[in-house]
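One structure is given below, encoded as structure tokens.
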Amino acid sequence: MKMSNIPFGTTDWSEVERTEHAGDTGMAYWRTRQFGDLRVRMVEYTPGYLADHWCSKGHILFCLEGELHTELDDGRQFVLTPGMSYQVADQAEPHRSSTATGAKLFIVD
């Protein structure tokens, strides 16, 4: 990924419109900024959230609050707590997220 033609700027995430995305259970709330091909999001999952799909999009994901469980389609499972991150390439390893307690994430994809 090459980041180009992005002038310096700041983001007050509280001023970015929040959109709702239902999971199989629970809700995800996204605040999204787009910079060319680069999507940057602040995402909050409610307690009991389970994604409604297996995702093949690449991400760099940083856990700010809560606990995020990520399952890969090969059965491996990972838990992120505040201060932890994961990265995965596009079309590399399908994954889905869930959380029992809720989570707040910063995601670049």
Side-chain angles (χ1 to χ4, degrees):
M1 167 190 338
K2 182 175 181 175
M3 297 188 331
S4 58
N5 298 317
I6 302 172
F8 181 85
T10 62
T11 300
D12 180 345
W13 289 99
S14 68
E15 294 181 1
V16 176
E17 179 185 0
R18 184 175 91 159
T19 59
E20 295 183 354
H21 304 266
D24 273 349
T25 58
M27 293 293 295
Y29 298 103
W30 298 9
R31 295 179 190 271
T32 306
R33 296 283 316 269
Q34 193 75 37
F35 303 100
D37 292 337
L38 189 66
R39 180 173 68 171
V40 180
R41 296 178 287 157
M42 189 73 67
V43 174
E44 294 181 57
Y45 292 137
T46 61
Y49 176 82
L50 171 63
D52 65 349
H53 67 284
W54 288 90
C55 181
S56 295
K57 177 80 176 122
H59 314 283
I60 298 172
L61 183 149
F62 181 75
C63 182
L64 297 165
E65 298 174 9
E67 184 175 281
L68 181 74
H69 294 248
T70 300
E71 178 183 8
L72 304 185
D73 71 344
D74 66 8
R76 289 181 289 159
Q77 297 185 25
F78 302 88
V79 177
L80 294 184
T81 56
M84 295 179 70
S85 65
Y86 77 66
Q87 56 286 326
V88 63
D90 287 332
Q91 308 305 315
E93 296 169 285
H95 51 280
R96 69 176 174 179
S97 296
S98 64
T99 177
T101 61
K104 186 174 185 177
L105 313 166
F106 185 78
I107 304 172
V108 178
D109 50 26

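Since the model is a prediction, treat every value here as computed from it, not as a measurement.
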Handout entry: Spacing of CE belonging to M84 relative to CG belonging to L61, to within rounding of 0.5 Å
Key = 11.0 Å

Handout entry: Main-chain N/O of V16 paired to R31 side chain as donor or acceptor, under 3.5 Å
Key = yes

Fill in the blank from the handout: Only one of L64, L68, T99 passes side chain to side chain contact (heavy atoms under 4.5 Å, CB included) with K104, and that residue is L64

Exercise for the section: Determine whether C63 and L105 make a side-chain contact, defined as any pair of heavy atoms from C-beta on separated by less than 4.5 Å. Expected result: yes

Practice task
Give a yes or no on whether D90 atom CG has more than 12 heavy-atom contacts from other residues, nucleotides or ligands under 6.0 Å away.
Solution key: yes

Problem - Closest non-hydrogen atom pair, G23 against Y49 - result: CA-CE1, 3.7 Å

Handout entry: Expected output: side-chain T70 to main-chain S97 donor-acceptor under 3.5 Å
Key = no

Problem - Which residues share a side chain to side chain contact (heavy atoms under 4.5 Å, CB included) with S56, sequence neighbours left out - result: Q91, P94

Practice task
Tell me who clusters with F78, hydrophobic residues only, linked when side chains sit under 4.5 Å apart either directly or through other members.
Solution key: L72

Completion exercise
Heavy atoms of T81 and E67 approach each other most closely as CG2-OE1, 4.0 Å

Problem - Distance (rounded to the nearest 0.5 Å) between R18 CZ and W13 CH2 - result: 14.5 Å

Please table the atom pairs, donor to acceptor, closer than 3.5 Å between any side-chain atom in residues 33-46 and protein atoms at least two apart or in another chain.
unit_1, atom_1, unit_2, atom_2, d
R33, NH1, T11, OG1, 2.8
Q34, NE2, G36, O, 3.0
Q34, NE2, L38, O, 3.4
R39, NE, D109, OD1, 2.7
R39, NH2, D109, OD1, 3.4
R39, NH2, D109, OD2, 3.0
R41, NH2, D109, OD2, 2.7
T46, OG1, M27, N, 2.9
T46, OG1, M27, O, 3.4

Exercise for the section: Treating Ile, Leu, Val, Met, Phe, Trp and Tyr as nodes and any side-chain heavy-atom pair under 4.5 angstrom as an edge, say whether I6 and F106 lie in one connected cluster. Expected result: yes

Fill in the blank from the handout: Separation between CD1 (I60) and OH (Y86), nearest 0.5 Å, reads 11.0 Å

Handout entry: Full working for side-chain hydrogen bond (donor to acceptor under 3.5 Å, both in side chains) between E71 and H69
Key = CA-CA 7 Å; E71 178 183 8; H69 294 248; over 6 Å; no

